[in-house]
Amino acid sequence: MKFLCFSDLHRNQEAARNLVRLAEDVDVVIGAGDFANRHEGLADTLDILADIDKPSILVPGNGETVDELRVATAGWKSATVLHGEGCEHAGVAFWGVGGGIPVTPFGDWSYDFDETQATELLQGCPEQGVLVVHSPPLDTVDRDSGRRVRGSESIRECVLAKRPRLVVCGHIHDDWEKQVTLESSRVLNAGPRGVVVEIDFD
């Protein structure tokens, strides 16, 4: 299965138009959050992305809530918004959890969850599927500009326990497009340009 993975558009319309073009050659599109800036401008990119007719799995970032994202994608017929829930496409199980995890230093505007809340949201994650999260697993693709580790312990524990074939995240801009393997799981911090990943689920 071929995936187009992206994150952190932050109202970038040029990047959104590029993703619409790239989506023509994949099976599934994955958007790992932060379409808006501080809850503003969701429609800037989502109205463009709505032209994508491939199945599209989205989670909110810390810049928009799950409710805001669901309202903003009402016209995007092929999109499914996940947050503490899953879906299935072509026999592959997906699970999604959005928001900043752990709680960010950005203040009240940021849509954040602590590690305990995140553990609950991740509880139903199936084994050997695809995990879509805005925040990276701890000590993977989560180093900020000062090279400090900023990822989530609960997401890391979920990946080690459930062994998803693919983990798509964003949030930490300095590690955009970086990929690592955490035991048997491929972890990608996608970024706004879009990264195509192919996984054999047979």
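Positions are given from 1 along the sequence. Computed from a predicted model, the values in this text were never measured in an experiment.
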Look up atom [atom1] in [X] and atom [atom2] in [Y], then write down how far apart they are to the nearest 0.5 Å.
| X | Y | atom1 | atom2 | value |
| --- | --- | --- | --- | --- |
| Arg186 | Glu198 | CZ | CD | 9.5 Å |
| Asp175 | Asp144 | CG | CG | 9.0 Å |
| Cys5 | Leu188 | SG | CG | 5.5 Å |
| Ser78 | Ile52 | OG | CD1 | 7.0 Å |

May I have the list of side-chain donor-acceptor pairs in residues 40-51 shorter than 3.5 Å, sequence neighbours left out?
{"from": "Asp44", "atom 1": "OD2", "to": "Arg11", "atom 2": "NE", "distance (Å)": "2.6"}
{"from": "Asp44", "atom 1": "OD2", "to": "Arg11", "atom 2": "NH2", "distance (Å)": "2.9"}

Qualifying residues under ring-ring contact (aromatic ring centres under 6.0 Å, His included), relative to Phe201, sequence neighbours excluded |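 Phe201 satisfies ring-ring contact (aromatic ring centres under 6.0 Å, His included) with no residue once adjacent residues are dropped.
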
Residues forming a ring-ring contact (aromatic ring centres under 6.0 Å, His included) with Trp76, sequence neighbours excluded = none

For the residue pair [X] and [Y], what are the closest heavy atoms and their distance?
| X | Y | value |
| --- | --- | --- |
| Leu182 | Val187 | CB-CG2, 4.1 Å |
| Ile172 | Pro136 | CG1-CG, 3.8 Å |
| Val92 | Val130 | CG1-CG2, 3.9 Å |
| Leu69 | Pro60 | CD2-N, 3.5 Å |
| Gly170 | Asp8 | CA-OD2, 3.4 Å |
| His171 | Ser135 | CD2-OG, 3.5 Å |

With hydrophobic residues grouped by side-chain heavy-atom distances under 4.5 Å, do [X] and [Y] end up in a single group?
| X | Y | answer |
| --- | --- | --- |
| Leu131 | Ile57 | no |
| Val59 | Tyr111 | no |
| Phe35 | Val66 | yes |

Show your working on side chain to side chain contact (heavy atoms under 4.5 Å, CB included) between Leu82 and Val132 and close with a plain yes or no.
-> CA-CA 9 Å; Leu82 300 178; Val132 185; 5.9 Å; no

Residue pair Phe3 / Val195, side-chain heavy-atom distance below 4.5 Å | no

Is there side-chain contact between Thr80 and Phe94, with heavy atoms separated by less than 4.5 Å?
-> no

List the residues meeting side-chain hydrogen bond (donor to acceptor under 3.5 Å, both in side chains) with [X], not counting sequence neighbours, and say none if there are none.
| X | result |
| --- | --- |
| Arg147 | none |
| Glu85 | Arg70 |
| His89 | none |
| Ser7 | none |

Mind checking whether Phe113 and His83 have parallel, tilted or perpendicular rings, split at 30° and 60°?
->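 Rings of Phe113 and His83: tilted, as their planes differ by 30° to 60°.
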
Between the main-chain N or O of Lys54 and the side-chain N or O of Ser56, is there a donor-acceptor pair closer than 3.5 Å?
-> yes

Within the distance-only criterion (no hydrogens, no angle test), does the side chain of Thr140 pair as donor or acceptor with the backbone N or O of Gly151 below 3.5 angstrom?
->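 Side chain of Thr140 to backbone of Gly151: no pair is present.
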
Which side-chain N or O atoms in residues 14-24 pair as donor and acceptor under 3.5 Å with protein atoms at least two apart or in another chain?
{"from": "Asn18", "atom 1": "ND2", "to": "Arg193", "atom 2": "O", "distance (Å)": "3.4"}

With Ser152, which residues qualify under side-chain contact (heavy atoms from CB on, under 4.5 Å), at least two apart?
-> Ile101, Pro102, Glu115, Ser154, Ile155

Pairing residues for Val149 by the side-chain contact (heavy atoms from CB on, under 4.5 Å) criterion, not counting sequence neighbours | Leu138, Asp139, Asp142, Arg143

Which atom pairs, one a donor and one an acceptor, fall under 3.5 Å between side chains of residues 162-169 and the rest of the protein, sequence neighbours left out?
{"from": "Arg163", "atom 1": "NH2", "to": "Glu127", "atom 2": "OE1", "distance (Å)": "3.0"}
{"from": "Arg165", "atom 1": "NH1", "to": "Asp200", "atom 2": "O", "distance (Å)": "3.1"}
{"from": "Arg165", "atom 1": "NH2", "to": "Asp200", "atom 2": "O", "distance (Å)": "2.8"}

Side chain to side chain contact (heavy atoms under 4.5 Å, CB included) evaluation trace for Ile199 with Met1 | CA-CA 5 Å; Ile199 303 284; Met1 187 175 284; 5.6 Å; no

In sequence, state the C-alpha distance, the side-chain angles, and the governing distance for Asp34 and Glu64, and then conclude on side chain to side chain contact (heavy atoms under 4.5 Å, CB included).
-> CA-CA 7 Å; Asp34 269 4; Glu64 63 270 336; 4.2 Å; yes

For residues 91-105, which residue pairs qualify under side-chain hydrogen bond (donor to acceptor under 3.5 Å, both in side chains), counting only residues two or more places apart or in two chains?
-> Thr104-Ser110, Thr104-Asp112

Given the rule in the side chain to side chain contact (heavy atoms under 4.5 Å, CB included) test, do Phe6 and Val29 qualify, once you have shown the distances and angles that lead to the verdict?
-> CA-CA 8 Å; Phe6 71 92; Val29 174; 3.7 Å; yes

